[in-house]
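Reviewing the structure listed below.
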Amino acid sequence: MAGQIPVIDLEDFPRESEKLREACEKWGCCRIINHGVPPTLMSEMKTLVGSLLDLPVEIKRRNTDAVAGSGYMARSEVNPLYEALGLYDVGSAEAVDTFCSQLEAFPHQRKTIELYAEAIYKLTMNIGRKLAMSYGVAGDVFNGWNCQFRINKYSFTQETIGSSGVQIHTDSGFLTILQDDENVSGLEVMDQSGSFIAIDPWPGTLVLNLGDIATVWSNGRLHTVKHRVQCREATTRLSIATFLAPPKDMLLEAPPEFVDSQHPRLYAPFTYEHFRNLRSAGKLHAGEALELLRCKN
Ligand SMILES: O=C(O)CCC(=O)C(=O)O
Ligand SMILES: [Fe+2]
């Protein structure tokens, strides 16, 4: 079951176009079925993620930040149950290679990462394009944008049930493709009434989340979804997130399709780097930074 979030069949386009747009405006979130990433690749990737995060900490630490926050995140006082490794650009063969070398990946592991990176990169771009198309914005809107990748491990135990795995946040980029754990629950998204609802695992499918930049790009139409991970079961939970985000120095503004006399421009143009700095300096991790950038009229 998919909780109550909408389910989008990626093989059924353009028929599902309006449903995708509606899901992204109302929820900022949906389940994607028939997405084209082979189930065997998904499960091989999941096994690999488990092995990489089980490596000794001195090896994991070699996965350094290429851009702020892109590398290894050890367990901390703020997030004692959470640990992650990251790759700053799945679209770059060099970045994939560096990631594999840092973690001393075996040849078959390297192959799995390369295949997964390729498949998920294509899917991310495809979904971005479909969403843009649903507003009549055609062309390669997201060409040159960056696809960052993070693999997450939650060390849940009996004692930690009820506590937080990852605190409430929005993703900062445009969209996120999430391979959530196919067995272990914990992901929750905020609905329109402000209540959290549990997203139940659904093997073979993926979750689409929209981030802050989607709201800016669409002049306020697309919803950046607040979400969190709670410990609900005493077992390890693994997930794989791919974030589509603009290049850091690109000036962000909504395309003309979103702006008219009824819909005046909500945000003055700014760069993604500026936005990220604003978010981290003010610890504005749940969409609040958007308010600071609204046009004052
Ligand atoms: O682990 C999950 O299911 C969600 C992870 C997440 O929200 C993130 O990495 O931004
Ligand atoms: Fe997230």
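Start at 1 with the first residue, then count along the sequence. Whatever order the structure lists ligands and atoms in, that order sets their numbers, starting from 1. Values in this document were obtained by computation on a predicted structure and should not be read as measured data.
- Salt bridge annotation for R15-D9: absent, with no cationic side-chain nitrogen under 4.0 angstrom from a carboxylate oxygen.
- In terms of polar-atom proximity, defined here as any N/O pair under 3.5 Å, R237 does make such a contact with ligand 1.
- Distance from atom 9 (O) of ligand 1 to its nearest protein heavy atom, with residue and atom name: N152 ND2, 3.4 Å.
- Within the 4.0 Å heavy-atom criterion, the part of L178 lying near ligand 1 is the side chain and not the backbone.
- Distance from atom 5 (C) of ligand 1 to its nearest protein heavy atom, with residue and atom name: Y154 OH, 3.5 Å.
- Residues D191 and K26 are not paired through a salt bridge, judged by the lack of any N-O separation under 4.0 Å between the basic side chain and the carboxylate.
- Side-chain contact annotation: H35 with N126, donor-acceptor N/O pair under 3.5 Å absent.
- When I177, L87, V90 are each tested for a side chain to side chain contact (heavy atoms under 4.5 Å, CB included) with C147, only one passes: V90.
- Salt bridge status for K60 with E83: present, with a side-chain N to carboxylate O gap under 4.0 Å.
- Protein atoms that are N, O or S and lie under 2.8 Å from the Fe ion (ligand 2) are these: H169 NE2, D171 OD1, H227 NE2.
- A distance-only check finds no donor-acceptor pair linking the side chain of T157 to the backbone of A234 [under 3.5 Å].
- Counting heavy atoms under 4.0 Å from ligand 1, residue V207 does not touch it at all.
- Remark: side-chain polar atoms of E16 are not paired, donor with acceptor, to backbone N or O of F13 under 3.5 angstrom.
- Looking at S239 next to ligand 1, an N or O pair under 3.5 Å apart turns up.
- The cationic group of K153 does not satisfy the cation-pi geometry with Y82, failing either the under 6.0 Å distance to the six-membered ring centre or the 45° limit from the ring axis.
- Between T176 and D171, the side chains place a donor N or O and an acceptor N or O closer than 3.5 Å (distance only, hydrogens not considered).
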